[in-house]
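First the structure, in the form of structure tokens, and then the observations on it.
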Amino acid sequence: MIFRRQTFPRFATAILICVSASTALPVNVPITASWAQRKITSGKFPIHSACMMPPQANLTRIGMKGAEGLSKESDAWAAALEDMVESQLKSDGIAISSAINPLSSGASGGEIRSVISQIQQKFSSVLPLIRKKPGGIVKSAYTLGDQVGMLPCSENSEILVFVQGVGRLVTQGRSTMTLLVGGPDEDAVLFLTIVDSKTGEVVAFIQVYPNDASLLDPESAFGPKLYQQLADMKIGSARKRAAGRGH
């Protein structure tokens with residue numbers, strides 16, 4: 001396990017991590033950390049290209065009357081998180097493609113969406129196991145199966161990247177009450193799961209908790225910590241140099 005401890009005092013209790021509208025996972029330890037197979041950290045599995053799976057995010061706003069789901073804002077935040085991750089990878093020379101892109105396969109949009117749905121369903125069943133025992137990644141314990149090879153992008157990519165986030169926003173009134181008597185505060189977590197695009201094996205997993213920047217600005221809130229986790233895993237030549245310098 002690659003472990004970089006980050007203090008997060010505001011996050012004193014567990015929250016629920018929603019990876020879809022109907023799936024929730026508990027976060028028990030609010031730390032930024034990553035786990036990766038040896039072939040990733042050793043550089044024996046060079047990554048030159050990545051295929052981005054559709055991002056998933058869930059934002060909730062806590063007010064004086066309780067919690068409110070934010071569907072439209074969640075979609076926008078998911079896209080912003082994906083853009084931030086893509087920017088991090090592109091800056092190090094990793095080519096990016098989208099899982100929904102047919103490329104030269106000739107597959108229809110409906111066919112691709114069907115494959116993506118199957119993969120997402122399998123991923124949703126595996127993710128609770130990863131969250132419970134992330135160290136199993138090092139032992140090649142988790143796989144999505146070779147159905148990932150049915151995606152057009154898998155032929156030209158080494159990895160599939162799953163981006164997920166959950167955030168909790170707090171209204172001004174609720175925030176003021178929290179300062180006075182305690183209660184919920186603004187918090188979030190970003191999950192990044194990396195899968196071998198040919199075999200379906202889960203080869204790396206990252207969870208990132210934000211700094212004090214606005215959650216709606218992913219580059220500022222998550223970017224620096226995500227960069228360090230990717231550097232620790234030695235993904236990309238620039239990150240290898242940064243890791244070697246201890247930055």
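This chain uses plain numbering: 1 for the first residue, then up along the sequence.
- For Ser220, the side chain to side chain donor-acceptor pair (under 3.5 Å) partners are Asp217, not counting sequence neighbours.
- Annotation: the span from Ser214 atom OG to Leu169 atom CG amounts to 7.5 Å, rounded to 0.5 Å.
- Tested against Val202, the residues Leu129, Thr193, Ile194, Leu160 include a single side chain to side chain contact (heavy atoms under 4.5 Å, CB included) partner, Thr193.
- Under a 3.5 Å cut-off, the side chain of Ser157 and the backbone N or O of Ser49 do not form any donor-acceptor pair.
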| request: Just do the side-chain hydrogen bond (donor to acceptor under 3.5 Å, both in side chains) check on Asp232 and Gln228 with the steps written out, would you? | output: CA-CA 6 Å; Asp232 286 347; Gln228 185 60 61; 3.0 Å; yes
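- In this structure, the separation between CD1 on Ile96 and SG on Cys51 is 9.0 Å, given to the nearest 0.5 Å.
- How far OH of Tyr227 is from OG of Ser87: 11.5 Å, rounded to the nearest 0.5 Å.
- Ring-plane geometry between Trp77 and Phe222 is classed as tilted, the angle between the planes lying from 30 to 60 degrees on a 0 to 90 degree scale.
- Glu155 pairs by the side-chain contact (heavy atoms from CB on, under 4.5 Å) definition with nothing, not counting sequence neighbours.
- No more than 12 heavy-atom neighbours from other residues, nucleotides or ligands sit within 6.0 angstrom of NZ on Lys132.
- Glu73 is linked by a side-chain contact (heavy atoms from CB on, under 4.5 Å) to Leu59, Leu70, counting only residues two or more places apart in sequence or in another chain.
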| message | Please evaluate residues Thr143 and Glu201 with respect to the criterion side-chain hydrogen bond (donor to acceptor under 3.5 Å, both in side chains), reporting the C-alpha separation (whole Å), side-chain torsions for both, the decisive distance (0.1 Å), and the verdict. | response | CA-CA 4 Å; Thr143 181; Glu201 192 173 50; over 6 Å; no
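- Residues forming a side-chain contact (heavy atoms from CB on, under 4.5 Å) with Glu82 (at least two apart in sequence, or on another chain): Met52, Pro55, Glu86.
- In this view, Gln147 and Gln118, Ile119, Lys122, Met150 satisfy the side-chain contact (heavy atoms from CB on, under 4.5 Å) rule, not counting sequence neighbours.
- Other residues, nucleotides and ligands contribute more than 12 heavy atoms inside 6.0 Å of the CD1 atom of Ile116.
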Name each donor-acceptor pair under 3.5 Å that joins a side chain in residues 105-113 to protein atoms two or more places apart or in another chain, with its distance.
unit_1, atom_1, unit_2, atom_2, d
Ser105, OG, Pro102, O, 2.6
Ser105, OG, Ala107, N, 3.1
Ser108, OG, Glu111, N, 3.1
Ser108, OG, Glu111, OE1, 3.4
Glu111, OE1, Ser108, N, 2.9

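- Nearest approach of Lys234 to Thr41, heavy atoms of both residues: CD-O, 3.2 Å.
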